[in-house]
Each structure stands twice: as C-alpha cells, then as structure tokens.
Amino acid sequence: SASEKQRRDRINAMIDELRVLVPSSPAVAMARGFTADTGLAEVSGASEARRSKYVVLQDTINMLKMLEDRVLEQEMELTTLKQHGGSIGCSSGINGRE
C-alpha cells in the first residue's frame, strides 16, 4: 500500500542519514581523532562501499556504546580533577602558578 511504501521510504532515509553520520568503524574514527567538532564524513571516507542497513545499525550501536564509555571515563577524570583542586596538569597560571 501507499502508506507502507511511505513508511519504508522514511526508514530508508533515516538509515541513509546514519550512513553519512556514523563512520564504518567507530574505533578507527576515534583513533583518527574524531571529536564532536570534527565531521564524521571526513573520518569515514567518501569512497567506502555502501553499507547494508544491518551494518549501518550495528556501527551506530557500536559508536554509541563507545561514546558512552568515553563519557564515563571523562566524568571519572573530571571527578579526579575536582578532588585535586583542578591543579593537575594546569600550567597556564590559572591557579596562581606560572
């Protein structure tokens, strides 16, 4: 039916968007310096073969898990810095030192 085709078209459009946003290998993207400020399309490479829907969804899940782990690591690092008065690794003179 027409409504079923419209539903499939919307789902396919979202998966196509994920193909652009999510690199084919999140581990490689992270190792190559992916940050929130860098474009994922730059990291993933425009010449890669078209990934199947399953692979795109799996890559998205893997990337989300990796980012979740990274957030937890950064939260622990922030807690450690706060416990030490924020002076660890600070050489800019902010804490009265130069």
Side-chain angles (χ1 to χ4, degrees):
S1 72
S3 62
E4 177 63 20
K5 182 182 180 330
Q6 189 177 36
R7 183 188 71 81
R8 283 192 318 264
D9 288 346
R10 284 194 305 256
I11 291 170
N12 287 333
M14 287 184 247
I15 290 175
D16 286 341
E17 189 171 348
L18 287 174
R19 273 189 189 100
V20 173
L21 293 173
V22 178
S24 59
S25 175
V28 171
M30 298 300 273
R32 290 174 64 188
F34 161 72
T35 65
D37 299 329
T38 60
L40 288 174
E42 296 170 13
V43 175
S44 63
S47 64
E48 74 179 41
R50 184 174 170 96
R51 292 177 284 163
S52 69
K53 294 175 188 178
Y54 168 82
V55 171
V56 171
L57 294 174
Q58 187 62 59
D59 288 343
T60 302
I61 290 167
N62 292 342
M63 183 172 165
L64 289 172
K65 287 179 179 179
M66 183 180 302
L67 290 172
E68 184 178 45
D69 290 344
R70 187 168 180 189
V71 165
L72 291 173
E73 289 170 7
Q74 289 177 343
E75 286 174 345
M76 290 188 316
E77 182 179 353
L78 182 60
T79 299
T80 301
L81 288 172
K82 286 179 178 179
Q83 289 173 349
H84 291 94
S87 62
I88 296 175
C90 183
S91 60
S92 64
I94 294 173
N95 290 329
R97 296 185 222 154
E98 302 222 19

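Numbers for residues simply follow the sequence, beginning at 1. Every heavy atom of this structure was used, including side-chain atoms; hydrogens, water molecules and symmetry mates were not. Here the structure is a predicted model, which is why all the values come from computation and not from measurement.
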Measure the [atom1]-[atom2] distance between [X] and [Y] for me, rounded to the nearest 0.5 Å.
| X | Y | atom1 | atom2 | value |
| --- | --- | --- | --- | --- |
| Arg70 | Met63 | CZ | CE | 10.0 Å |
| Ser24 | Gln58 | OG | CD | 13.0 Å |
| Arg8 | Arg10 | CZ | CZ | 11.5 Å |
| Lys5 | Asn12 | NZ | CG | 9.0 Å |

List the steps, then state whether salt bridge (charged side-chain N to carboxylate O under 4.0 Å, His left out) holds for Arg50 with Asp16. CA-CA 10 Å; Arg50 184 174 170 96; Asp16 286 341; 3.1 Å; yes
Can you list the steps and then say if Lys53 with Arg19 is a side chain to side chain contact (heavy atoms under 4.5 Å, CB included)? CA-CA 9 Å; Lys53 294 175 188 178; Arg19 273 189 189 100; 4.1 Å; yes
Would you say Glu17 has more than 12 foreign heavy atoms packed within less than 6.0 Å of its CD? no
Quick check on side-chain contact (heavy atoms from CB on, under 4.5 Å): which of Val56, Thr60, Ile61 does Val22 satisfy it with? Thr60
Looking at every non-hydrogen atom in both residues, tell me the closest pair between Leu18 and Arg51 and how far apart they are. O-NH2, 4.1 Å
For a side chain to side chain contact (heavy atoms under 4.5 Å, CB included) check, start with the C-alpha distance between Met76 and Leu72, then their side-chain angles and the critical distance, and finish with the verdict. CA-CA 6 Å; Met76 290 188 316; Leu72 291 173; 5.7 Å; no
What I'd like to find out is whether the side chain of Asp59 reaches to under 4.5 Å of the side chain of Pro23, using heavy atoms alone. no
Can Asp69 and Met66 be said to form a side chain to side chain contact (heavy atoms under 4.5 Å, CB included), step by step? CA-CA 5 Å; Asp69 290 344; Met66 183 180 302; 5.7 Å; no
Any link between Leu67 and Leu78 through a network of hydrophobic side chains (Ile, Leu, Val, Met, Phe, Trp, Tyr) touching at under 4.5 Å? no
What pairs with Glu4 under side-chain hydrogen bond (donor to acceptor under 3.5 Å, both in side chains), at least two apart in sequence or on another chain? Arg7
